Undergrad: 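Structure incoming, see below.
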Amino acid sequence: MPPENNDQYESLLHVGKALILHATGKDRLALAADAGRFGFKDFARYAKNLSLLVSDESDRGYASEFLSRVMDLISRSPDPDASLNGLERLSRSTGGFSRILFGFRQNPRPFERLCWILGASEYFTDVCVRDSEFALDFFWTMDEDSEARMDSDFDEIEADDFADLPAARALAALRRAKRRSILRIGSLDYLGLDSLENSMERISRAEDRILKAAFRHVERRILGSRNGRLPLCVLAVGKLGGRELNYSSDVDLIFLHEEQPGIPPERFQCAAEGIVAMLSEVTEDGAAFRVDVRLRPHGIRGPLSTRLERAIDYYRTAARPWERVALVRARTAAGDARVASRFLEAVSPIVYPRMFGHADLEALKALKRRSESEARTRRDPARDLKTGPGGIRDVEFVAQTLCVLYGGKHPALRTGNVLGALKSIRTLGLLPPEEADALADAYRFLRGTEHRVQTLYSLQVYEVPAPPAARAALARRLGFAGSDESAEREFSKTLALHRDRVRRLFDRFLGEPGPRREGDSRLSHWIEAGSADPAEGAEALGALGFRDPARAARCMLEAATPSPGSLSPPERQREAFARIAPRIAQRLGASCDPDEGMARLS
């Protein structure tokens, strides 16, 4: 708010008052009016930052020529107060405001983009201030940005001599690569110059490269040789495994090794501990990223690195259903690719069985309900983007469950990427196109919102803010325009629409089944009895809209045939399929080509 009287105005500006008035040629009332016109809400902060920007004599000429245009560009950012404050901080780290305004007369676009990012994220602002030379070069050459320029962010950690660097220099280099790549990726994302999908994949690729560099450094230190290689691999699971990492994700890793003569077993544990420390240790530059290793075999009770044969045996005989589903997103991230490949090939029939048992499916549903209940004690479900009703986890659960249920027959579903899985689910007809599209659209919106919530201060938070002013600021960071009230209202309306759609689909597809109709019972009894006669099921399928019900019945019988390699008894597999067969038939019957969908199911 503007000052209430001249004495307050004098105390706010201090020595900067005369500089501002001289630079702008405006009296104090006109300057106060400008603050309101350009969308500044904190006049004290506005006055202080403006005075500091023109405190140097060399900057005053630039200010008198460009200040009005500069204020106009700042006003277009999501938060003008934060943007101006970021400019003032950046000017101090670069040696003056005139340095930032270099080339402004010829092309103001780089400056406008910089102002937008400074007003969108305190975290990105901190990166700009800490690495100001890189930041200015990036914004002023953004139109020339290319994969080669992105690759240059990793030159230091991918150099041949990186593995020989002292630990302190290596840690600093890893963190420098992280913040530069994140600023580059995040800016292109937030300015609408790159898609959400590309941004998540690029963040994941950046983390892969940092992880590989840390692996090389630790491997060199443990083996003491440039030529030696440890038979140790690092699997990425979770969002990193699915190549859909966000800007503040934990990184879920599993370490596996193959014992060899001459390599003491404790070396593998030492290597795993060293890699985790290089990535997660908090230095003056922060951490490269947070590491979570609880998804390893036996969880926190198991060794940090698991012997290959023991890991395979664990997933075959002792892993719980959710642990097997977690491997949907498993992929090689660093280390010995041969060890990783052997593991992934061995567990593939376990992750994607021909028939996923009914008890396993019920266990997953129970786990989902329990996780929602636990999340309610920590966060407000109505504001929780991740685990609240209709949130990110609901979309992931639907997509991953369908991948596990049908991935044994359809290799296209063997993917850890949620949007990629939904695309294949749509193509295969496992969901009607409009439902698959609604889930994908909601996932994009929810993840984009999650990104902007987390990058405001680089915190791992999942709740949209409660105060209307904070929600309006979030809406502006997402591109909603108009007044604060209008932006907040449209954002809240869009968020509720997506979450309602997701929850309805989630409840209908994975919720408790409703009363069975007569046709449902006939289908279930027919499959459960193990009948080989398609005619018994054809009548019920014909009533659901299948053009060739006899063929559809044969396909359904084939789908119900127990898998020879499954751990579940044949009768359990048949019983599980009988329970879900009516819903499958109903959904396929409502699709654009029921017969083709049933054929693909088999």
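Along the sequence shown, the residues carry numbers beginning at 1. Computed from a predicted structure; not experimentally measured.
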Undergrad: Would you call Arg294 and Asp250 a salt bridge, taking side-chain N to carboxylate O under 4.0 Å as the test?
TA: no

Undergrad: Taking atom types as modelled, is there a side-chain donor on Thr455 or Tyr190 under 3.5 Å from an acceptor on the other?
TA: yes

Undergrad: Tell me whether Asp484 is salt-bridged to Arg476, with the criterion being a basic N under 4.0 Å from an acidic carboxylate O.
TA: yes

Undergrad: Decide yes or no for Leu474 and Val464: does some side-chain heavy atom of the first lie under 4.5 Å from some side-chain heavy atom of the second?
TA: yes

Undergrad: For the side chain of Gln269 and the backbone of Ser305, is there at least one donor-acceptor N/O pair under 3.5 Å apart?
TA: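 It does hold such a pair.
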
Undergrad: Is the closest side-chain heavy-atom distance between Ser83 and Trp116 below 4.5 Å?
TA: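 Answer no - side chains too far apart.
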
Undergrad: With a 3.5 Å distance limit and no angle check, can you tell me whether Arg209 reaches the backbone of Arg205 through a side-chain donor-acceptor pair?
TA: no

Undergrad: For the pair Leu101 and Val70, evaluate side chain to side chain contact (heavy atoms under 4.5 Å, CB included) and give the outcome as yes or no after the intermediate values.
TA: CA-CA 9 Å; Leu101 287 174; Val70 165; 3.8 Å; yes

Undergrad: Counting only N and O atoms by type, is there a donor-acceptor contact under 3.5 Å from the side chain of Arg331 to the main-chain atoms of Leu240?
TA: yes

Undergrad: Could you go through Arg99 and Ser132, starting from their C-alpha distance and side-chain angles, then the distance that decides it, and tell me whether this counts as side chain to side chain donor-acceptor pair (under 3.5 Å)?
TA: CA-CA 11 Å; Arg99 179 81 190 285; Ser132 57; over 6 Å; no

Undergrad: Compare every heavy atom of Thr332 with every heavy atom of Ala340, then report the nearest pair and how far apart it is.
TA: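 For Ala340 and Thr332, the tightest heavy-atom pair comes out as CB-OG1, 3.2 Å.
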
Undergrad: When you measure from the side chain of Arg447 to the backbone of Glu244, do you find a donor-acceptor pair of N or O atoms at a distance under 3.5 Å?
TA: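 Such a contact is found between Arg447 side chain and Glu244 backbone.
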
Undergrad: Can any side-chain N or O of Asp384 pair as donor or acceptor with the backbone N or O of Glu463 at less than 3.5 Å?
TA: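 No; zero donor-acceptor contacts below 3.5 Å.
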
Undergrad: Check Arg130, Arg175, Arg176 against Asp285 for a salt bridge (Lys or Arg N to Asp or Glu O under 4.0 Å) and give me the one that passes.
TA: Arg130

Undergrad: Is there a side-chain contact between Pro389 and Arg499 (heavy atoms, below 4.5 Å)?
TA: yes

Undergrad: Quick one: do Val251 and Leu211 satisfy side chain to side chain contact (heavy atoms under 4.5 Å, CB included)? Show the steps, please.
TA: CA-CA 10 Å; Val251 172; Leu211 174 57; 5.7 Å; no

Undergrad: For Lys212, does the NZ atom have more than 12 heavy-atom neighbours from other residues, nucleotides or ligands under 6.0 Å away?
TA: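 It does: Lys212 NZ has more than 12 such atoms within range.
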
Undergrad: Taking all heavy atoms of Gly391 and all of Val502, pick out the closest pair and write down the distance.
TA: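 Heavy-atom minimum between the residues: O-CG1, 4.2 Å.
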
Undergrad: Is the side chain of Asn49 donor-acceptor paired with the backbone N or O of Arg45 at a distance under 3.5 Å, no angle test?
TA: yes

Undergrad: For the NZ atom of Lys239 and the CG atom of Asp252, what is their distance to the nearest 0.5 Å?
TA: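 The distance works out to 9.0 Å.
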
Undergrad: Do Ile100 and Leu114 come close enough that some side-chain heavy atom pair is under 4.5 Å?
TA: yes

Undergrad: Between Arg393 (side chain) and Leu385 (backbone), is there a donor-acceptor pair under 3.5 Å?
TA: no

Undergrad: I'd like to know if the side chain of Arg452 and the backbone of Gly448 have a donor-acceptor N/O pair within less than 3.5 Å.
TA: yes

Undergrad: Could you go step by step and tell me if Arg76 and Glu112 meet the salt bridge (Lys or Arg N to Asp or Glu O under 4.0 Å) rule?
TA: CA-CA 8 Å; Arg76 302 176 193 178; Glu112 181 180 7; 3.4 Å; yes

Undergrad: Quick check against the 3.5 Å criterion: does Arg296 have a side-chain atom that pairs as donor or acceptor with the backbone of Ile254?
TA: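 No, because the side chain of Arg296 does not come within donor-acceptor range (under 3.5 Å) of the backbone of Ile254.
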
Undergrad: Run the salt-bridge test on Glu219 and Arg216 with the 4.0 Å N-O cut-off and return the result as yes or no.
TA: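 Salt bridge between Glu219 and Arg216, a charged N being under 4.0 Å from a carboxylate O: no.
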
Undergrad: If you define the side chain from C-beta out and look only at heavy atoms, does anything of Leu295 sit under 4.5 Å from Arg329?
TA: no

Undergrad: If you take all heavy atoms of Leu87 and Phe111, which pair is closest and at what distance?
TA: CD1-CZ, 3.7 Å

Undergrad: Would you mind reporting whether Ser152 and Arg184 have side-chain heavy atoms less than 4.5 Å apart?
TA: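 Arg184 reaches Ser152 side chain to side chain.
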
Undergrad: Roughly how far apart are Ser187 OG and Asp194 CG, rounded to 0.5 Å?
TA: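 If I round to the nearest 0.5 Å, the distance is 11.5 Å.
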
Undergrad: Less than 4.5 Å apart, any side-chain heavy atom of Met142 and any of Leu188?
TA: yes

Undergrad: Enter the distance from Leu419:CG to Glu201:CD here, rounded to the nearest 0.5 Å.
TA: 11.5 Å

Undergrad: Rounded to the nearest 0.5 Å, how far apart are CG of Asp131 and CG of Asp126?
TA: 12.5 Å

Undergrad: Donor-acceptor pair, distance only, cut-off 3.5 Å: does the side chain of Ser249 make one with the backbone of Asn246?
TA: yes

Undergrad: Do the charged groups of Asp208 and Arg243 touch, with an N to O distance under 4.0 Å?
TA: yes

Undergrad: As an exercise, state the distance from OG of Ser248 to CG of Leu245, rounded to the nearest 0.5 Å.
TA: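 Output value for this atom pair is 9.5 Å.
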
Undergrad: Measuring from atom OG of Ser77 to atom CG of Leu118, what distance do you get when rounded to the nearest 0.5 angstrom?
TA: 8.0 Å

Undergrad: For the pair Tyr123 and Leu456, evaluate side chain to side chain contact (heavy atoms under 4.5 Å, CB included) and give the outcome as yes or no after the intermediate values.
TA: CA-CA 6 Å; Tyr123 170 52; Leu456 182 59; over 6 Å; no

Undergrad: Would you call Asp164 and Arg220 a salt bridge, taking side-chain N to carboxylate O under 4.0 Å as the test?
TA: yes

Undergrad: At their closest point, which heavy atom of Phe154 faces which heavy atom of Ser181, and how far apart are they?
TA: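 So the minimum-distance heavy-atom pair works out to CZ-CB, 3.7 Å.
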
Undergrad: Are Asp143 and Arg113 close enough, and set up right, to give a salt bridge (Lys or Arg N to Asp or Glu O under 4.0 Å), and what steps lead you there?
TA: CA-CA 11 Å; Asp143 287 330; Arg113 289 170 171 170; 2.9 Å; yes

Undergrad: Which atoms form the tightest heavy-atom contact between Leu73 and Cys115, and what is the distance?
TA: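 Scanning both residues, the minimum pair turns out to be O-CB, 4.5 Å.
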
Undergrad: Which pair of non-hydrogen atoms, one from Ile210 and one from Ala288, has the smallest distance, and what is that distance?
TA: CG2-CB, 4.3 Å

Undergrad: Are any non-hydrogen side-chain atoms of Leu84 and Glu88 less than 4.5 angstrom apart?
TA: no

Undergrad: Checking side-chain polar atoms at under 3.5 Å, does Arg89 have a donor or acceptor matched by the opposite partner on Thr125?
TA: no

Undergrad: Testing Tyr462, Phe124, Phe445, Tyr247 one by one against His451 for a ring-ring contact (aromatic ring centres under 6.0 Å, His included), which residue passes?
TA: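 Single ring-ring contact (aromatic ring centres under 6.0 Å, His included) partner of His451 among Tyr462, Phe124, Phe445, Tyr247: Tyr247.
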
Undergrad: Please evaluate residues Leu279 and Glu207 with respect to the criterion side chain to side chain contact (heavy atoms under 4.5 Å, CB included), reporting the C-alpha separation (whole Å), side-chain torsions for both, the decisive distance (0.1 Å), and the verdict.
TA: CA-CA 10 Å; Leu279 299 174; Glu207 304 289 22; over 6 Å; no

Undergrad: Is Arg290 atom CZ crowded by more than 12 heavy atoms from other residues, nucleotides or ligands, each under 6.0 Å away?
TA: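 Count over threshold, so yes.
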
Undergrad: Does a side-chain N-to-carboxylate-O contact under 4.0 Å join Arg149 and Asp137?
TA: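 A salt bridge links Arg149 with Asp137.
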
Undergrad: Does the plane of the ring in Phe138 sit parallel, tilted or perpendicular to the ring in Phe134? Use 30° and 60° as the thresholds.
TA: parallel

Undergrad: Take Asp441 and Arg501 through the test salt bridge (Lys or Arg N to Asp or Glu O under 4.0 Å) and record every step on the way to the result.
TA: CA-CA 10 Å; Asp441 290 344; Arg501 283 176 179 168; 5.8 Å; no

Undergrad: Check whether more than 12 heavy atoms from other residues, nucleotides or ligands sit under 6.0 Å from atom CZ of Arg169, and answer yes or no.
TA: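 It does not: Arg169 CZ has 12 such atoms or fewer within range.
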
